Amino acid sequence: MPHMTMVQAIQNAQDIAMERDEKVVVFGEDVGYFGGVFRCTAGLQRKYGKTRCFDTPISELGIVGAAVGMAAYGLRPCVEIQFADYMYPAYDQIVSEAARLRYRSAGQFTCPLVIRMPTGGGIFGGQTHSQSPEALFTHVAGLKTVVPSNPADAKGLLIAAIEDPDPVIFLEPKRLYNGPFDGHHERPITPWKNHQLGEVAEGFYALPLGQAAIRREGAALTVLAYGTMVYVALSAAEETGIDAEVIDLRTLVPLDLDTVAASVRKTGRCVVVHEATRTSGFGAELAALVQRHCFYSLEAPVRRVTGWDTPYPHAQEWDYFPGPERVARAFREVLEAE
Amino acid sequence: MPHMTMVQAIQNAQDIAMERDEKVVVFGEDVGYFGGVFRCTAGLQRKYGKTRCFDTPISELGIVGAAVGMAAYGLRPCVEIQFADYMYPAYDQIVSEAARLRYRSAGQFTCPLVIRMPTGGGIFGGQTHSQSPEALFTHVAGLKTVVPSNPADAKGLLIAAIEDPDPVIFLEPKRLYNGPFDGHHERPITPWKNHQLGEVAEGFYALPLGQAAIRREGAALTVLAYGTMVYVALSAAEETGIDAEVIDLRTLVPLDLDTVAASVRKTGRCVVVHEATRTSGFGAELAALVQRHCFYSLEAPVRRVTGWDTPYPHAQEWDYFPGPERVARAFREVLEAE
Amino acid sequence: MPERAPLSLQVPEPEWRPGDTPDYSHVNFPPAGSVDRPPVDANPRDIRDLAYTIIRVLNREGQAVGPWAGTPTDDELLTGLRHMMTLRAFDARMLQAQRQGKTSFYMQHLGEEAISCAFRTALSPGDMNFPTYRQAGLLIAGGYPIKDMMCQVYSNEGDPLKGRQLPVMYSSRKDGFFSISGNLGTQYIQAVGWAMASAISNDTKIAAAWIGDGSTAENDFHAALVFASTYKAPVVLNIVNNQWAISTFQGIARGGSGTFASRGHGFGIPSLRVDGNDYLAVRGVASWAIERARRNLGPTLVEYVTYRVGGHSTSDDPSAYRLKTESDAWPLGDPILRLKAHLIVGGVWSEERHKQAEAEVRDTVIAAQREAEALGTLHSGGHPSARDMFEDVYATMPPHLIRQRHDAGI
Amino acid sequence: MPERAPLSLQVPEPEWRPGDTPDYSHVNFPPAGSVDRPPVDANPRDIRDLAYTIIRVLNREGQAVGPWAGTPTDDELLTGLRHMMTLRAFDARMLQAQRQGKTSFYMQHLGEEAISCAFRTALSPGDMNFPTYRQAGLLIAGGYPIKDMMCQVYSNEGDPLKGRQLPVMYSSRKDGFFSISGNLGTQYIQAVGWAMASAISNDTKIAAAWIGDGSTAENDFHAALVFASTYKAPVVLNIVNNQWAISTFQGIARGGSGTFASRGHGFGIPSLRVDGNDYLAVRGVASWAIERARRNLGPTLVEYVTYRVGGHSTSDDPSAYRLKTESDAWPLGDPILRLKAHLIVGGVWSEERHKQAEAEVRDTVIAAQREAEALGTLHSGGHPSARDMFEDVYATMPPHLIRQRHDAGI
Ligand SMILES: Cc1ncc(C[n+]2csc(CCOP(=O)(O)OP(=O)(O)O)c2C)c(N)n1
Ligand SMILES: Cc1ncc(C[n+]2csc(CCOP(=O)(O)OP(=O)(O)O)c2C)c(N)n1
Ligand SMILES: [Mg+2]
Ligand SMILES: [Mg+2]
């Protein structure tokens, strides 16, 4: 199988979806001629023409609002928000419109729409190029929220998202675009071509939304993670020698609660990790679910390792980022709890 | 002490704040001449003139964005969003601007700003007049979020919010404007004049943000609630005869965790109640905190009683609303858990 | 530094408030027939004056005059009259039903009937409207059953929207009527997107966007104009200026610009202003704008000048903020009376036949209401099931919703 | 139904893409001095043509001509020249520092120096700018220490913003420079709000809002125009049209409108278009607009026509989407060279003195850089503390942040 970066896998997924179904259209800021600031739509305009892949004005509201109208018409837009930090101007169209259209029209109008956006930090992007707003989507009924952690998944999940009959928020951890990242910023960068999950099958395949993947089996504790934090968690397991089971959630809504609960019932301990600010982050939902569904198996409180409740700083990037040391500390804490 | 409705108490708080400090300005859709669709700003334009209380164009972004600029200048705007359901167009200005201004300018510019908005259901308002978006604010570092449950608190908390040096989201449960509501929609409405917390002291007083109130002491379990749900919880306690301790959080951020944790440590059981959709609602954060800080006292998993993960329907209002029966059932469930 | 006069904030005020006497004598509307009708492919630059005037067809004598009159048949106009009368009777009954507690809420069209009723007749099957809550004439003039509308208003067993939406938030895909949103403005950019999709698909269908004067201040209005302008989307961008946005007069949204129509100029979009109480003028302008869209010439902005005679909704009492007599003084008259007068002048209608038609319309509406009420009203009789509450959140119900439905015991 | 031609989507394209040859010969800029200067209290309706022309002062011969030239002293212009040269030298050094890994990111002004440098000189103390990331000339021309700017770029120990912000996102309240947001557009409506606050307070200060051509498509732009128009806010609304928004040419944001300036017309806002590479024209127009605001006459919209000669930022390589030679062909020239030529023509400057000034400026910038680097660069030397990360989220640190800081072990 050929190796791809996550950028290539995402480009490839859109290429295949556009090839298979002429209803698929791709647009956003700088996505047309240039192919996107991260190059995730490179070559699509040349291949499919200006009316199926084009540049838009700088209006996230316009991008999503127009896409909602197009989806209602019967197309399948897959749009890019340049950085997740810039989705707020479109938030009304996402929450009040895309997420509710099927419901309020009793199925007359639907909204098969994918909104892709790079998320997360670790690139010295400061507060407007580093945010992880997933919890702002998971709270909204009618949306699905996907966070791939590797090229193979990114391709399969994106194709599934484009084929999904409902709006899907597709969050791309930008720090993973070119290689896995375990938080050890001082070490050289690993490219995807040296990683097994950088092997991406050619042609069409879809991975069902709503299924988690166990990245590392273990008996001592369960880690719930997604995106970049999967690698941080794996690294913490390796470095501490603690036999952690690392679950990559892949889809936050709908959540694969069965896999989560089975693991925590087995290990009796749970650490939740994400980059977003802590309060009301998706980790809160995970902790709430785990304590509810695994109460009698839990031997220690669920611990959250997250970004702090501050804006994402620039110079203090590595103080903010929940790196392997902080995760390792949480491992020890849940194990020490009697 | 005179009795006031919650509407009158909110009007009175703004009146007093405007009287004391000419930097306080009040504006929003229909708030000027007319005095607001719920009458919360009645009479303020006549008293303080058109430049301190005025109507705005229908642009929530404009209202909040202009208020951020005014606050940076040195005024203290207290603005109204007509319904919380209409805050989304302003969300970018709230999240990316109001909440971060102090931080990103290292204190050079600040944003003493209050954004009032009616929230919650129970009035057959359908999906765009019933929402409870508090979790979309509690996730944002830099914001404070307040939800009063009665006229006396509403006045003191609103005055404190206006005097606060930082942006405060002030959520007014609209179903409580004219009287407490315990979810028994089939019963006659109780007006505030028959309720002790409808007694509102005249003149200036401020209630500190970040302090919960125990509305009912009890030993069997702890209920964490805010806004309308406080009355639903009280009613469930009364009707089941279960000795619940009912905590009215009043402020969600900063949260009075001490009061919460002390209570749960005492009772060993906890039910969280809110109207908002369940997934990633503020109840998730409460459950996550409680299991973390009271793990060794908990005798049953924390239960959440919330709105369902659907848009807020019209005809099915009472199937959606987490009324006293559903709360009572949760009481029994946490007590039955061994 | 020079001594400087202090600044002061300027807050626009309506001309009259309760206590004053309305006086429109200084308002100078151009006479019917006086505005030229350019070809649809005119250069937008050359027709900017159309945004600062008012296109009118029916004159005081009830005659249809000038280049915008078109050539409607008598039958078309008689049908149009009946649409408007039906809408008005429908409103009257539903308002009353709301007062009787049969539903929670209602919004009427009083005085604005011509706009949606006339516009609808210029559309073709497959075209899509993105309406606000004050364009039910699009459904009525399109032949949508008023019984079904009533079922929606009652949230009853027959409600096509299963009780989920607030009254009047209709939706009918097959009738070219997009699901109404309670969030103002959001549909404006969606209409542009829908029109772009039609163009991308090399289809022939066009879209029509609708917004109120007050709501033009919303973000979506701007996005719609930007996108429509850039991609020359086949869309008609309608602004219904009924002078009020709840208690707020149109000057607050309009600010220093002379007209709402002129908002199109900064986008190179041809922009027209039309007498919204003149059925024929609306029809003429709608046809012009729709033809432009259909011929791939791009968007047109149309401002309908009208007056909201009733309260904003059943939750509103307008006497608190505006003169009771203001609507009587409104110089553009009543759309039904004006079309009626035209038909009488033309010899195809009479006072008697109008009376008779009123009675017929009333009977039809009452009959429909009876049928609808047989299927329940909001608080009694048949109603959508609680199970319906959990459907259609997604195409397939995800596990957490199945669990919740189970918890709900339904 | 008539047979209808299928619709098709129209997507604007720039005139040239890599591989073409740029040719501006068909672009007809009005000659310097040819545009009238109306009184500042002119009726906006009477000066709409100012949005469709280009106000220019410096002609090809380097002379300042026409009614917009004003009466700057030689010293003022020599200072202006030095401001622009300083900004250019500053940019060059910081770009290089970024390439050397001393910081994460940088954005330069190449070709656009006249706009912010000239505008700043027309303001008074206490006025407030709401800038984008491409108006650092406001700081330099206001006398803000370039060393402090560098400390911000390096996120070092001396950074006034404690390392929290991305490079170039400066803030200086006392210098009338509002905290730059990375979110495009948001500051535009804030500027209007600030100006309204000044008016509410009967103050004499005015605000200046800044936005790029691409960002005019954002929601905040519309809200700003609506609010400025309605309340006649004392604000100057500046649009810097540098032809590009990252890889997207200005036609995508501008759509069918002839110019960005014309966006003001739908709001009754006087709207001017000016040669942004002409220091004197910018100064003249800025003074006019600022005077309007100061005299409580309301907002003015100004479009500066210029060209982004460099890449969008250090993350961008423009040769992927536009011609390398496009900037050389750009017909409005280089702002520094044009002002230099004018001063030479006026006999107060010479090639030699210019060379010398270049060396001086370079030395000053290098000296400042040395001082700044003594306080650290992003990855080495002094840096803001991790404790700083938890400060200023709120005025008083709430318990949960105290707990988190404790957890962080700092
Ligand atoms: C985003 C949003 N903000 C506020 C409201 C509350 N609201 C409902 S109707 C209305 C007035 C609308 O006025 P206009 O656009 O002129 O339409 P009209 O009612 O006159 O037809 C307001 C403020 C809303 N529904 N949505
Ligand atoms: C809300 C938002 N959307 C997108 C971006 C990403 N972005 C940064 S700069 C830029 C281009 C801006 O172009 P323009 O407004 O013309 O300003 P210029 O860079 O040319 O000065 C874009 C799309 C952003 N910062 N904020
Ligand atoms: Mg209106
Ligand atoms: Mg630009």
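The analysis underlying the following values was restricted to heavy atoms, covering all of them including side chains, and did not include hydrogens, waters or symmetry mates. None of these values were measured; they are calculated from a predicted model. Chain letters run A, B, ... following the sequence lines, proteins first and then strands; every chain starts at 1.
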With respect to chain A, which residue among B:Leu136, B:Leu255, B:Leu286 yields the maximal number of heavy-atom pairs within a distance under 4.5 Å?
B:Leu136

When rounded to the nearest 0.5 angstrom, what distance separates CG in B:Leu143 from OG1 in A:Thr279?
11.5 Å

Quick check: closest heavy atoms across A:Ser132 and B:His139, and the distance to 0.1 Å?
O-NE2, 4.4 Å

Rounded to the nearest 0.5 angstrom, the CG-CZ distance for A:Leu289 and B:Arg304 is 5.5 Å

Closest non-hydrogen atoms of B:Pro311 and A:Tyr103, given as atom of the first, atom of the second and distance, are CG-CD2, 3.4 Å

Can you tell which of B:Gln127, B:Glu285, B:Gln93 has the highest number of heavy-atom pairs within less than 4.5 Å of chain A?
B:Glu285

OG1 (B:Thr138) and CG (A:Asp309) are apart, to the nearest 0.5 Å, by 9.5 Å

Tell me, with the steps shown, if A:Leu298 and B:Phe295 meet side-chain contact (heavy atoms from CB on, under 4.5 Å).
CA-CA 10 Å; A:Leu298 276 178; B:Phe295 186 77; 3.9 Å; yes

Checking the side chain of A:Gln291 only, and the main-chain atoms of B:Ala287 only, is there a donor and an acceptor separated by less than 3.5 Å?
no

Shortest non-hydrogen pair, B:Glu299 vs A:Tyr296, comes out as O-OH, 4.2 Å

Less than 4.5 Å apart, side chain to side chain, heavy atoms only: is that true for B:Phe137 and A:Ser280?
no

Okay, A:Ser96 and chain B: the region with an atom under 4.5 Å from a heavy atom over there is side chain

Highest number of heavy-atom pairs under 4.5 Å with chain A among B:Glu60, B:His314, B:Gln131 belongs to B:Gln131

Rounded to the nearest 0.5 Å, what separation is found between the CZ atom of A:Arg100 and the OH atom of B:Tyr312?
12.5 Å

If I measure from the heavy atoms of chain A, does B:Val95 come under 4.5 Å with its side chain, its backbone, both, or neither?
side chain

